[in-house]
Amino acid sequence: MPDLSFILSHAWLIPALPLASFLLVGLVLRPLHKPLAGAVATAAVFAAAGLSWWLAFDYLHLPKTAGGALPVLVPTSVEWLRFQEGLSVHLGTLLDPISVMLLVVVTTVSALVHLYSTGYLHGEDGYGRYFTFLNLFTFSMLGLVLAPNLVQMYVCWELVGASSFFLIGYYYDRPSAVSASKKAFIVTRFADLGFLLGILVLGYYAFTIHAGMGAAAAGQQALDFAFLTRPDVLSQLQALQGQFLGIGTLTLAAVLIYTGGAGKSAMFPLHIWLPDAMEGPTPVSALIHAATMVVAGVYLVARSFPIFAASAEALQVVMVVGAFTSLFAATIGCTQDDIKRVLAFSTLSQLGYMMFALGVASYEHPLGYTASMFHLFTHAFFKALLFLGAGSVIHAVHTNNIWQMGGLRKYMPITHGLFLLATLAIAGIPPLAGFFSKDEILAAALHSGHTVVFGVGLLVAGMTAFYMFRIYFVTFWGERRLSHLHHQDDHSHDDHSHADPHESPAVMWIPMAVLGLLTIGAGFVPIPEWVRLVPLDGKLPEAHHGVDLAVAIPGTLAGVIGIALAWFFYAGDPQRANSAVLKLGRFYAVIKAKFYFDEIYLFVTKSIIFRLIAGPIAWFDRMVVDGLVNATGWVTRLGGTAVNASQTGQVQTYGSWLMSGVVLAVVVLWATTRQ
Amino acid sequence: MGLASWLILIPFLTALAVLAVPTRRSDLIRWVALVGTAAHLALTSYTTWAFWQEASPDLVAVRTETVSRVYLVERVPWFESLGIDYLVGVDGVSMSMVILTSIIIFTGVLASWNVVHRTKEFFTLLLVLVTGVFGVFLSFDLFLFFMFYEVAVLPMYLLIGVWGTGRKEYSAMKLTLMLMVGSALILVGFLAMYHANGSTTFDLTKLAQAHFETGLQRWVFPLIFIGFGILGAMYPFHTWSPDGHASAPTAVSMLHAGVLMKLGGYGALRIGVYLLPEGAQYWGLFFMAVTTINIVYGSLGAITQKDLKYFTAYSSVSHCGFVLFGVATLNLMGLKGAVLQMFSHGVMTGLFFALIGMVYGRTHTRIIPEMGGLGKVMPWLAACFYIGGMASLGLPGLAGFIAESHIFLGGFFGNSWTNPILSRTLTVLATLSIVVTAVYVLRGLATVFQGPVRDPHHAELTDATLTERLSTGILVATLVVTGMVPGLLIDLIEGTLFPIVNRLQATGMAIPGHS
Amino acid sequence: MVEYLQSLTPDLNTWLMFTSALFALGIYGMLSRRNAVGVLLSLELCLNAGAVNFALFNRFWSPVQVDGAVMSLFVIAIAAAEVVVAMAIFVALFGYRRTVDVTQLNLVRE
Amino acid sequence: MLMLPELLIIATAFAVLLVDLFIAERQRGHLVLLALAGVLAALVALVTITPDTGALFGGRFTMDPLAWWLKLTLLAAAAVTLTLAQPMLATHKQAPTLGAGSEFMTLLLFNLAGMLMLPSTRDLVFFYVALELATIPLFLLTAWRRESLSSEAGLKYVLMGALSSALMLYGLGILYGVGRTMNLDLIGRNLFPSPPVIMAIAMVFAGLGFKLTLVPFHMWAPEVYQGAPTPVTAWLSVASKAAGLSALMLLTYRVFPRLLPQWGLYLALLATVTMTAGNLAAITQTNIKRFMAFSAISQAGYLIMGFLGAGPNGPASMVFYLMVYAVTNLAVFAVIALHHQQTGREDITSYRGLSQTNPILALTMMVGLFGLAGIPPLSGFVGKFFLFSVASKAGYNWLVGIAAVNSTISLYYYLRIIRQMYIEAPDPELPKLTTPRLLGTALAVTTLASVTLGLVPWVFESVRFSAAVWLEAMPK
């Protein structure tokens with residue numbers, strides 16, 4: 001290992017900064033001085049972002065390995081939790097192309113969102129609390145990104161979940177926000193159960209292998225990614241005979257871990273929490289529920305890709321679920337009225353994209369892996385921009401409902417421009433970022449022989465363009481339809497609500513502008529060159545990258561068709577859309593109701609778990625288990641009454657008892673005495 | 001007199017000092033109690049340091065031993081002809097439990113600052129109770145252990161009966177009697193071990209070197225485990241716990257759930273598993289199954305509870321199930337997890353009950369649906385509640401996760417002598433509870449602290465006072481420190497657990513005496 | 001004549017049958033008489049049966065010693081004392097209850 | 001010197017009677033001090049002068065180390081009983097009694113003398129006489145109060161006593177017939193298991209079981225305890241049990257040493273039935289004295305567990321427990337007597353709120369009750385633990401289990417009283433009690449003893465040493 005520059009060997013500073021700021025802001029500044037709290041929190045994350053860029057720069061200039069790949073480094077590793085020898089958890093930093101890439105994304109978006117939030121939440125009661133948790137989130141997310149082992153991953157995984165919970169429930173006196181935050185936490189928690197079980201399964205077998213390897217495994221712990229992805233370990237894992245319900249051990253472990261990822265990345269059918277999570281403040285949605293946390297699932301699969309690659313079935317699951325989710329979410333996205341929910345479904349759909357990209361990848365066709373990470377990279381910027389733009393709009397009009405907006409391009413030109421830019425990016429229009437990454441994903445699907453998935457991808461690309469432009473047209477074009485009748489506003493700026501909407505302050509649009517630049521530029525970053533699946537032998541094949549016209553043309557075409565349809569229905573005569581909706585009838589209603597998934601879940605939890613399991617258990621406990629305890633007491637008392645009844649007061653009865661005692665004594669003594 | 005004796009004596013002397021204060025001076029009584037417990041906390045810190053000085057050099061050696069080492073030992077012959085000694089000392093597990101107890105009693109005294117009814121008797125009994133608790137944790141003679149064990153249990157009757165609420169007499173009686181039935185089972189087991197192979201000693205360190213025949217181990221182990229299990233709220237002997245906790249006053253709930261229930265896990269580990277390894281192997285899977293019921297059943301039972309204390313009590317049933325589950329796994333990670341869980345649940349539930357007491361003191365209701373939006377009114381209490389809740393659902397970074405991850409790994413790894421399919425299935429079932437826990441914790445807390453303020457009277461309530469902040473702050477800090485730096489506790493307890501595990505691993509159990 | 005009478009003297013077993021019968025009779029009386037004095041008298045029968053036993057065994061096993069006979073005398077004395085005490089109590093009780101029927105005496109019972 | 005305590009007691013008994021003739025009516029209250037002085041003198045004599053081995057009257061009266069402990073217990077119990085009786089004797093004019101205060105004391109002292117002699121007897125005649133002396137005065141003492149309940153209790157006691165004594169006598173007669181000697185040390189040589197011996201043993205057990213209140217020979221106890229004057233109940237509960245135990249130990253270890261191991265099951269069953277029935281019945285009681293009767297019955301069940309197994313631990317544990325039981329029970333009865341004397345109430349609910357009106361009394365009562373329940377660190381626990389240990393060593397682990405569960409049941413009913421005292425609010429109608437100095441002293445001493453006997457190792461160790469010596473000297 002070459003001598004590492006300061007930042008590479010001190011990569012831990014990057015998560016440490018937000019952590020320090022979290023403690024400082026949370027314990028000291030929050031109650032004392034709110035603006036200072038926001039400023040410190042923001043500054044800390046900006047510093048972290050600066051360090052990340054520096055780190056990325058240094059990292060990319062490191063000498064390549066013999067196989068031509070970027071090196072994998074673990075510059076810091078401190079024992080934290082010692083389960084047992086060979087199974088301790090070392091907190092540390094793992095630097096490889098994807099972690100460095102995500103480090104940059106997370107810190108950058110987070111810094112911008114912090115800055116944006118200082119304007120967005122200006123003067124609110126929970127300002128200090130908000131930044132406290134935003135810092136905590138940033139720290140946890142960075143810890144997750146840098147995790148060198150599964151347990152640190154899990155730890156930070158849970159912490160991002162908790163900070164997400166607190167941020168979704170930021171408006172804690174609003175019942176919808178409260179229930180959304182609960183839902184998000186519980187659903188992801190349920191998925192994390194899978195992750196945990198995956199760790200248990202993998203931990204057990206990896207530990208057994210680790211113990212059998214002796215000195216060959218020295219310096220590595222069983223749950224380190226470095227250990228788990230060793231070719232010799234993988235082959236031993238693959239060779240495991242154990243079966244569970246007909247599923248091989250490795251597949252089982254991979255699928256369980258994937259479950260965790262699917263929960264966080266809101267894959268079908270665990271997607272239900274993400275749309276509701278939009279109850280949180282919009283910058284939170286931008287950061288957590290669009291750019292960073294939700295991609296953790298994708299990142300997890302990518303990070304442990306060698307394990308998945310060792311199990312074709314697991315990859316199949318990843319692909320199918322991903323593809324289905326992308327289509328499913330896109331369908332629902334076409335019907336929603338809440339601007340943030342549309343964006344949420346769009347996020348779902350894009351996450352599905354990334355997932356199936358991973359699912360189609362393999363050592364033979366490694367492009368999917370690269371494409372997925374590339375899309376993750378670009379999506380973070382344009383989706384964050386979309387959310388911040390939506391936030392800017394909501395900030396101005398105090399409603400989430402697109403049908404109450406309209407005509408905003410006149411009032412908010414900057415927001416409009418940036419939003420359009422991002423919308424074009426997500427629609428896959430060249431030369432914006434979305435085009436390159438989406439193109440790569442479609443190419444990966446096509447070239448690995450998954451034609452159906454390619455078809456789905458193409459369809460979804462079109463639908464994405466359609467629904468994104470639907471909200472774009474409805475929000476920014478046409479006449480102003482602002483209604484003051486009811487708000488679902490994020491916060492109470494009552495003094496503004498009657499005035500005309502106006503452009504957001506600079507502190508809000510500058511971050512958006514930066515994201516806009518990134519949206520334009522991200523596609524040209526040579527991520528596909530840097531982020532590549534390293535084959536087991538460590539030798540990277542020659543990179544051949546370029547736009548594949550066979551894919552790019554249909555992809556772009558799908559986007560254009562989608563935009564055209566959206567224009568047809570929503571930019572002109574509103575009656576067109578209405579009549580289409582009427583024609584679709586019940587079908588439309590079902591889609592709009594999100595296929596009633598919320599209701600199904602509600603039924604399962606409320607009616608089955610609460611009413612049919614928990615309620616009866618509580619009753620059983622009180623009546624039967626405790627009843628038995630009380631019955632014991634009652635029987636004892638009854639015995640007392642019986643003994644007392646023998647105490648008749650009749651001296652002759654007593655005499656009879658006494659004599660019978662003598663007789664009994666004779667009997668027992670006779671029986672026990674050896675003569 | 002050595003450190004261990006002082007640790008037992010200080011609360012007792014404090015109790016006497018409280019008795020000496022005139023009844024009317026209730027403020028003075030509180031201060032005396034506080035100073036006494038603070039002194040105890042200080043001494044505990046010093047003892048921890050002293051213990052570590054002695055124990056840390058042995059950490060390598062103990063990895064291969066089969067008799068755990070005891071430090072700071074004091075031995076005074078007592079009933080010599082019967083082999084009964086006054087034998088106290090400290091090892092890693094007991095040290096961690098003493099730290100826990102010391103923290104809980106200190107914060108408990110702070111949390112009882114507003115007890116006005118018969119203050120003197122209250123603090124006296126409270127201190128007598130912890131004297132018993134410290135005695136149990138520090139004694140290494142079974143007779144002494146048993147003696148302190150009952151001293152720790154009995155004052156509970158009056159503490160609940162006099163200062164409790166609701167059906168206090170019923171609850172107090174049920175609690176006392178069920179625990180006493182447990183101690184009856186334990187007593188039989190103790191005496192059987194005492195007389196086995198003519199060893200006639202109650203000295204734990206000597207008993208550990210004796211080999212009990214397999215038949216004896218097999219029938220004594222369940223007695224010991226169930227006996228202690230009753231105190232550890234093992235299903236189906238847990239029903240004293242919801243009623244008892246619901247009726248008890250704040251500090252008593254704190255001590256009871258926080259510390260006393262730990263005696264169960266402690267005894268099951270220290271006496272059951274340690275002395276009767278073959279019995280433990282024979283019954284391990286059975287008790288894993290029973291405690292799995294505990295874990296899942298307790299958490300499901302908590303979902304529909306309306307009373308905050310019942311809610312926490314069922315949650316305790318579930319969490320204490322983890323302790324016993326960990327003990328029943330019979331491997332290093334499981335046992336370590338059990339001890340860690342004792343510690344973390346102790347602090348966590350102590351925090352919960354302290355907070356419930358504080359909230360109840362303000363709202364005069366513990367019924368969850370009658371409250372709402374209190375987070376706005378009492379942000380400090382809400383924050384502490386959330387941290388406790390997060391610890392309870394096993395959020396990493398807080399103490400609960402450290403313990404539960406150990407226990408899950410321990411359960412999943414199983415042992416060479418258990419059927420892996422069964423032990424893993426049970427572990428998987430047990431893990432389900434972390435989701436259920438999330439459900440009830442979030443539901444409960446959301447109802448109480450979030451949403452709009454439900455009762456207009458509640459809008460004028462105040463946040464925590466200084467003593468309350470101190471009390472809850474210490475507990476929260478303990479949760480966080482333990483969760484963030486688990487190595488502190490793990491280093492402390494591991495050295496004691498290695499020999500226990502080594503005994504279990506050694507097949508045939510013919511172990512030459514180490515000391 | 002004397003020899004004839006001596007030859008009629010029953011052996012130990014016969015005597016023991018006699019004392020057993022006496023004892024059994026006493027027990028029967030104790031359990032069946034309603035009047036406390038009657039119960040007491042029956043019990044005296046039992047005591048006497050015991051006393052006779054001692055005299056008998058003394059007579060048959062170790063006629064040279066007198067310890068058994070002494071025991072009988074003590075028993076008689078003690079029985080007398082017992083009767084005196086009992087009668088005192090009966091009299092006192094009769095003062096309040098106007099009866100010493102043992103089946104009527106169950107006040108001390110809640 | 002060997003018989004000095006007994007002689008001192010008898011002398012005191014006569015002295016009390018004589019002095020009573022010559023002093024004025026109002027000074028008779030001080031007679032109790034004379035009696036007390038006599039008892040204390042005997043106690044001092046026992047501790048300082050009387051050797052713990054030696055024989056008189058051709059071996060018929062023999063001092064042995066264990067007898068020394070039993071006598072110590074009895075004398076101490078008598079002293080406490082006298083202090084308990086003092087208020088009652090002082091007010092005997094208001095409540096008519098069978099006789100004068102001096103006669104009460106004389107009876108008590110004679111009774112005591114009989115009990116003191118019992119463990120020293122080595123001869124059937126002496127044994128029987130001592131046993132009757134330890135019984136008959138109790139009949140009169142029970143019926144002491146001139147009122148219906150007391151007399152009825154006396155009547156039942158005397159009839160049942162006579163029955164048990166007749167059974168005992170008949171059994172002893174058979175033993176004499178089979179063993180062919182009156183000497184208790186020699187009689188065992190000729191005793192081999194045979195139908196008559198088994199019958200004799202059963203009858204002897206019935207006679208002594210009556211004194212020890214073993215089920216089913218216990219039926220007199222609740223009524224007698226309830227009807228008798230409270231100090232007499234206190235005396236009965238302790239002294240009668242001590243006498244029964246010393247007689248039973250005398251016979252079992254001295255006469256049947258070879259048969260004892262074979263009775264294990266019988267004794268275990270007897271213990272089981274006794275403690276269970278006593279405990280169950282105690283649960284529902286409302287009268288405190290009747291309640292204490294059932295409590296005493298269950299204690300007898302624990303007590304005889306000490307007969308199981310061999311070795312000195314058994315007798316030592318029984319004697320030790322007897323001592324502990326005596327002081328603890330007397331402490332409780334001191335409070336009961338005081339309470340009854342000043343409130344006239346015996347129902348459990350009349351103890352409501354005692355901790356508020358009389359905190360010290362309530363505390364001692366609680367200590368006493370916990371001691372009876374066997375709660376550590378009180379000596380009641382230690383004593384019980386040793387008894388259980390004996391049973392466990394003999395292999396009767398099931399009995400230990402039953403006994404331990406029974407302790408739990410007993411805790412339930414002891415807690416009922418503690419609940420009245422500590423949890424319930426005081427009854428405004430009941431007066432605040434005043435504690436006479438003498439009784440207060442007795443209460444303090446007994447409570448202190450019931451706390452410390454088990455914590456101080458040398459008491460048990462000495463008893464155990466004595467038991468070992470005593471057992472060593474047994475005829476083989």
Side-chain angles (χ1 to χ4, degrees), chain A residues 79-84 87 89 125 129 140 151 154-159 161-162 165-166 169 172-175 177-179 181-182 185-186 189-190 192-193 196-197 199-201 203-204 207 242 244 605 609-611 613-615 617-622 624-630 632-633, chain B residues 173-174 177-178 235-240 242-243 297 300-305 314 331-333 336 373 375-376 386 390 393-397 401-402 405-406 408-414 424 427-428 431-432 434-436 438-440 442-443 446 449-453 485-487 490-491 494:
Chain A
E79 183 181 80
W80 178 62
L81 184 54
R82 186 172 63 246
F83 288 117
Q84 79 187 38
L87 197 66
V89 177
D125 277 348
R129 179 164 50 90
S140 320
V151 180
Y154 180 80
V155 166
C156 295
W157 190 268
E158 292 290 314
L159 285 176
F165 164 77
F166 285 113
Y172 63 82
D173 49 1
R174 190 191 285 171
V178 173
S179 68
S181 63
K182 276 193 296 182
F185 194 87
I186 290 166
R189 181 94 184 158
F190 180 73
D192 295 349
L193 180 61
L196 178 68
L197 291 176
I199 291 179
L200 292 182
V201 174
Y204 177 74
F207 177 73
F244 181 78
T605 49
I609 297 181
F610 290 180
R611 208 161 296 155
I613 300 177
I617 279 188
W619 179 89
F620 176 81
D621 194 59
R622 291 284 85 193
V624 180
V625 181
D626 198 33
L628 280 175
V629 173
N630 287 333
T632 315
Chain B
M173 188 63 93
K174 182 156 87 176
L177 292 185
M178 286 185 78
Y235 179 86
F237 308 110
H238 63 279
T239 61
W240 57 268
D243 287 327
Y297 178 95
L300 283 171
I303 288 183
T304 52
Q305 298 303 324
Y314 274 99
N331 57 33
L332 180 66
M333 285 186 285
K336 216 172 5 160
K376 197 163 221 125
Y386 266 98
M390 287 293 159
L393 54 80
L395 187 76
F401 167 75
I402 306 298
S405 56
H406 271 96
F408 290 143
L409 278 168
F412 198 85
F413 275 45
R424 281 173 207 169
T427 310
V428 170
T431 55
L432 282 179
I434 64 168
V435 180
V436 185
V439 172
Y440 70 74
L442 295 188
R443 255 169 68 93
F449 291 106
Q450 301 187 328
V453 178
V485 200
I490 290 177
D491 285 343
E494 221 176 30

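Letters A, B, ... mirror the listed sequences (proteins, then strands); counts begin at 1.
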For A:K182 and B:L442 the tightest heavy-atom approach is CD-O, 3.6 Å
* Step by step, work out the side chain to side chain contact (heavy atoms under 4.5 Å, CB included) result for B:N331 and A:Q84. => CA-CA 10 Å; B:N331 57 33; A:Q84 79 187 38; 5.9 Å; no
From CA spacing to verdict: side chain to side chain contact (heavy atoms under 4.5 Å, CB included), B:T304, A:W619: CA-CA 10 Å; B:T304 52; A:W619 179 89; over 6 Å; no
By ring-ring contact (aromatic ring centres under 6.0 Å, His included), A:F190 pairs with (sequence neighbours left out) none
In terms of heavy-atom contacts, A:P175 and B:P452 come closest through CG-CD, 4.0 Å
Under 4.5 Å to a heavy atom of chain A? For B:M390 that would be side chain
The interface call for B:Y297 against chain A, heavy-atom contacts under 4.5 Å, is both
query = Is the backbone N or O of A:F83 less than 3.5 Å from a side-chain atom of B:K336, with the two atoms forming a donor-acceptor pair by type?
reply = yes
Of the listed B:A446, B:A302, B:G487, the one with the largest count of heavy-atom pairs under 4.5 Å with chain A is B:A446
CD1 of A:I199 to CZ of B:F408, rounded to nearest 0.5 Å, is 12.0 Å
Honestly, the part of B:M178 sitting under 4.5 Å from a heavy atom of chain A is side chain
Of all heavy-atom pairs linking B:L300 and A:A614, the shortest is O-CB, 3.4 Å
* Asked: So A:D626 and B:K174, salt bridge (charged side-chain N to carboxylate O under 4.0 Å, His left out) or not? Walk me through it.
  -> CA-CA 10 Å; A:D626 198 33; B:K174 182 156 87 176; 2.5 Å; yes
Under 4.5 Å to a heavy atom of chain B? For A:V178 that would be both
Those residues at least two apart in sequence (or on a different chain) that pass side chain to side chain contact (heavy atoms under 4.5 Å, CB included) with B:V453 are B:V377, B:H458, B:A459
Ranked by heavy-atom pairs below 4.5 Å to chain A, first place among B:D491, B:I434, B:V439, B:V428 goes to B:I434
So, the part of A:L196 with a heavy atom under 4.5 Å from chain B: the answer is side chain
Pair count under 4.5 Å, heavy atoms only, with chain B: among A:V89, A:V625, A:T632, highest is A:V625
_Side chain proximity check, B:F412 to A:L197, heavy atoms < 4.5 angstrom_ = no
CG (A:L81) and NE2 (B:H406) are apart, to the nearest 0.5 Å, by 5.0 Å
Honestly, the part of B:Y440 sitting under 4.5 Å from a heavy atom of chain A is neither
Among A:Y154, A:Y172, A:W157, A:F207, the residue with the most heavy-atom pairs under 4.5 Å to chain B is A:Y172
Between the CZ atom in A:F165 and the CG atom in B:L395, the distance rounded to the nearest 0.5 Å is 10.5 Å
Turns out that what part of A:D192 lies under 4.5 Å from chain B's heavy atoms comes down to neither
d(B:L409 CG, A:L87 CG) to nearest 0.5 Å is 6.0 Å
Correct closest heavy-atom pair for B:P396 and A:L159 would be O-CD2, 3.3 Å
Looking only at B:A438, B:G301, B:P242, B:P236, most heavy-atom pairs under 4.5 Å shared with chain A are made by B:A438
Whatever's closer than 4.5 Å to a heavy atom in chain B on A:V624 counts as neither
Honestly, the part of A:F620 sitting under 4.5 Å from a heavy atom of chain B is both
Heaviest contributor of heavy-atom pairs below 4.5 Å to chain A, chosen from B:I490, B:I402, B:V485, B:L393, is B:L393
Next item on the list: With side chain to side chain contact (heavy atoms under 4.5 Å, CB included) as the test, would you mind laying out the steps for A:V629 and B:W240 before giving the verdict?
Entry: CA-CA 9 Å; A:V629 173; B:W240 57 268; over 6 Å; no
In this structure, CG of A:D621 is separated from NE2 of B:H238 (nearest 0.5 Å) by 3.5 Å
Okay, B:F449 and chain A: the region with an atom under 4.5 Å from a heavy atom over there is backbone
So, the part of B:L432 with a heavy atom under 4.5 Å from chain A: the answer is both
Max heavy-atom pairs within cutoff under 4.5 Å with chain B, candidates A:I613, A:L628, A:N630, goes to A:N630
Bottom line for B:R443: the part with an atom under 4.5 Å from chain A's heavy atoms is both
